[in-house]
Trainee: 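One structure is given below, represented as structure tokens, and several questions about it will come after.
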2 protein chains.
Amino acid sequence: MTSDDFVPAPLRRLWGMSEPARLGRPASLDVNVVVAAAVKIADRDGLDGVTLPKVAKSLGFTSMSLYRHVGSKDELLTLMADAALGPPPDIAAPDWREGLRRWAFAQRAVFQRRPWLTRVPAAGPPSGPHQIAWMEAALAVMSGTLLDWAHRIGAMSLISGYVVQSVRQYSELAEGRADGQGQADAERDYGRALARLVNPDRFPEAARLFSSTLFEAPPSDTPDEAIADADFSLGLELILDGIAVRIARSDP
Amino acid sequence: MTSDDFVPAPLRRLWGMSEPARLGRPASLDVNVVVAAAVKIADRDGLDGVTLPKVAKSLGFTSMSLYRHVGSKDELLTLMADAALGPPPDIAAPDWREGLRRWAFAQRAVFQRRPWLTRVPAAGPPSGPHQIAWMEAALAVMSGTLLDWAHRIGAMSLISGYVVQSVRQYSELAEGRADGQGQADAERDYGRALARLVNPDRFPEAARLFSSTLFEAPPSDTPDEAIADADFSLGLELILDGIAVRIARSDP
DNA sequence: AGCATTAGTGTACGTCTGATACTTTCTCTC
DNA sequence: GAGAGAAAGTATCAGACGTACACTAATGCT
């Protein structure tokens with residue numbers, strides 16, 4: 001409708017540039033209220049629990065009223081994602097490697113707190129103010145290196161993608177268990193079931209894997225969280241090693 | 001119900017161990033037919049297009065009839081995922097690095113052909129025969145290295161997660177565009193829009209990025225596919241570098 | 001004072017998953 | 001060779017969801 005500086009409406013909403021509208025009936029609702037209510041529901045019921053009727057009801061309005069403020073459910077999801085991400089913490093570190101490590105762990109902490117964030121479909125490249133702030137943090141960490149822009153973005157996306165992927169996978173598996181079974185127990189059962197199904201002639205390596213002790217009892221006093229942390233770090237350090245190679249290579 | 005070897009029903013269906021049932025009315029439908037129909041619909045309409053009524057209708061049955069064969073929609077998705085993945089191609093290669101690279105590209109090709117595969121929620125660890133076959137292929141490639149099991153699985157998951165993540169991201173963005181706009185054009189618009197929104201005081205690095213020429217015209221004769229391939233390779237080679245470091249380290 | 005403008009509502013439609021209780025069609029046993 | 005019993009497929013139904021459309025209600029500008 002309006003065109004303050006040729007910025008489209010969804011972006012204006014993302015960046016909080018909505019003018020309060022000087023004519024007609026004043027709104028008792030605004031984007032931020034709607035988004036906050038939606039986030040609260042997602043925190044409680046997951047992403048599928050977020051429906052327009054439920055969000056509206058939690059605010060004492062009808063479903064259709066929301067469309068005055070968000071345009072579509074997909075847009076609501078985008079707004080929720082940026083709001084729920086929040087600003088990045090301070091990750092000041094002595095070197096790029098420690099900085100990126102902290103960045104990854106900080107992002108992971110946010111996603112673990114709100115696993116539904118990892119399932120919001122990306123409607124476009126990162127565009128929200130919080131997303132940009134996280135981006136800034138990662139770029140700042142790498143600003144001392146000799147990497148070019150493409151590699152900086154590549155490294156950042158790789159890490160960020162890894163974090164998303166690993167948290168989503170972990171939370172999907174945790175949901176799949178659902179009963180009181182812990183990760184360690186589930187892995188043991190998994191290993192045993194597949195040891196019976198996997199034919200050593202067709203799948204020699206996999207058979208060796210499933211008859212190895214890898215899935216059997218971890219010392220049992222190891223909490224699930226520690227296993228998950230170790231798995232996560234293993235992949236992350238691998239990525240950081242790769243980035244290190246690249247940095248060393250661009251420094252003659 | 002039955003208990004051939006204490007293998008639960010969903011796994012029996014995955015591995016094609018269904019006994020034809022010797023009593024009662026014989027089935028005119030079976031799991032494979034249902035799954036094949038569902039896959040065909042997913043290929044045409046995406047994952048959200050797969051609904052029990054539609055699958056049933058395409059076979060000339062009613063929705064409820066499917067429950068005789070699949071148990072739940074989630075189970076159907078799991079079955080679809082393994083069926084659609086298909087067996088891995090031959091990726092024989094002179095060394096682990098080339099082998100993993102081919103493995104990654106092969107997986108990417110499958111996912112690009114069926115982007116909905118990247119959105120099937122993981123109901124459990126990889127358990128289907130095709131998933132195991134792909135696993136076998138990756139493990140075989142690494143069998144010459146000195147990595148321990150944990151690192152082999154870690155490397156494999158990292159690559160596989162990267163492939164999934166990057167194809168999903170790419171296809172989500174492509175859907176988001178929807179109009180005839182290509183990737184290059186969209187990136188240019190994105191860069192310009194954000195150059196206006198990003199305040200250089202709050203986000204100095206990001207501002208430099210968006211005012212850099214990175215998002216501006218790639219030579220314009222570069223097809224979208226080539227951009228995507230280059231982005232994908234950049235991340236993949238980074239990961240492979242990381243694995244190389246790890247392999248070198250375990251070889252004294 | 002009253003009109004253009006904006007906020008929020010009511011209703012309706014087509015869609016989905018899955019529960020329950022049924023009819024139909026087959027094989028195995030007597 | 002005839003039913004008994006078991007499994008396959010159906011009919012109907014309830015509760016939800018997203019959103020299009022046309023409506024009423026409330027306000028500030030002129």
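Computed over heavy atoms, backbone and side chain alike; hydrogens, waters and symmetry mates excluded.
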Trainee: If I take atom CG in residue Asp74(A) and atom C1' in nucleotide dC17(D), what distance separates them, rounded to the nearest angstrom?
Mentor: 14 Å

Trainee: Expressed as a whole number of angstroms, how long is the span from Leu29(B):CG to dA7(D):P?
Mentor: 17 Å

Trainee: Listing time: all N or O pairs from protein to nucleotides 9-12 of chain C that are below 3.5 Å?
Mentor:
residue : atom : partner  : partner atom : Å
dT9(C)  : OP2  : Thr62(A) : N            : 3.0
dT9(C)  : OP2  : Thr62(A) : OG1          : 2.9

Trainee: So, OP1 or OP2 of dG8(C): does either fall under 4.0 Å of a side-chain N or O from His69(A)?
Mentor: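 Looking at the OP1 and OP2 atoms of dG8(C), one of them is under 4.0 Å from a side-chain N or O of His69(A).
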
Trainee: Examine distances only and state if a side-chain atom of Ser65(A) and a backbone atom of Phe61(A) form a donor-acceptor pair shorter than 3.5 Å.
Mentor: no

Trainee: Could you check whether any side-chain N or O of Gln107(B) sits under 3.5 Å from a backbone N or O of Trp103(B), counting only pairs where one atom can act as donor and the other as acceptor?
Mentor: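 No; judged by distance alone, with no hydrogens or angles, the pair does not exist.
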
Trainee: Asp189(A): which residues meet the salt bridge (charged side-chain N to carboxylate O under 4.0 Å, His left out) condition with it, sequence neighbours left out?
Mentor: none

Trainee: Donor-acceptor pair, His130(A) side chain versus Asp82(A) backbone, under 3.5 Å?
Mentor: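 Indeed, once roles are kept as given, a pair shorter than 3.5 Å links the two residues.
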
Trainee: Without decimals, in angstroms, what is the distance between Leu47(A) CG and dC17(D) C1'?
Mentor: 14 Å

Trainee: Tell me the interatomic distance from Glu75(A), atom CD, to dT19(D), atom P, rounded to whole angstroms.
Mentor: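 In whole Å, dT19(D) P and Glu75(A) CD are 11 Å from each other.
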
Trainee: Walk me through it: do Phe232(B) and Tyr170(B) pass the test ring pair (Phe, Tyr, Trp, His ring centres under 6.0 Å)?
Mentor: CA-CA 10 Å; Phe232(B) 177 73; Tyr170(B) 181 81; over 10 Å; no

Trainee: Could you check which residues of residues 48-59 of chain B get a heavy atom under 4.0 Å from DNA chain D? Sort them by number, please.
Mentor: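 Output list: empty, so none.
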
Trainee: Would you check if the side chain of Glu187(A) reaches a backbone N or O of Phe215(A) as a donor-acceptor pair within less than 3.5 Å?
Mentor: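 No, Glu187(A) side chain to Phe215(A) backbone: no donor-acceptor pair under 3.5 Å.
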
Trainee: What's the OH-P distance between Tyr67(B) and dC22(C), to the nearest Å?
Mentor: 21 Å

Trainee: Do Lys54(A) and Asp45(A) meet the salt-bridge criterion of a basic N to acidic O distance under 4.0 Å?
Mentor: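 Salt bridge between Asp45(A) and Lys54(A), a charged N being under 4.0 Å from a carboxylate O: yes.
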
Trainee: Just by distance, do the side chain of Ser211(A) and the backbone of Ala207(A) share a donor-acceptor pair under 3.5 Å?
Mentor: yes

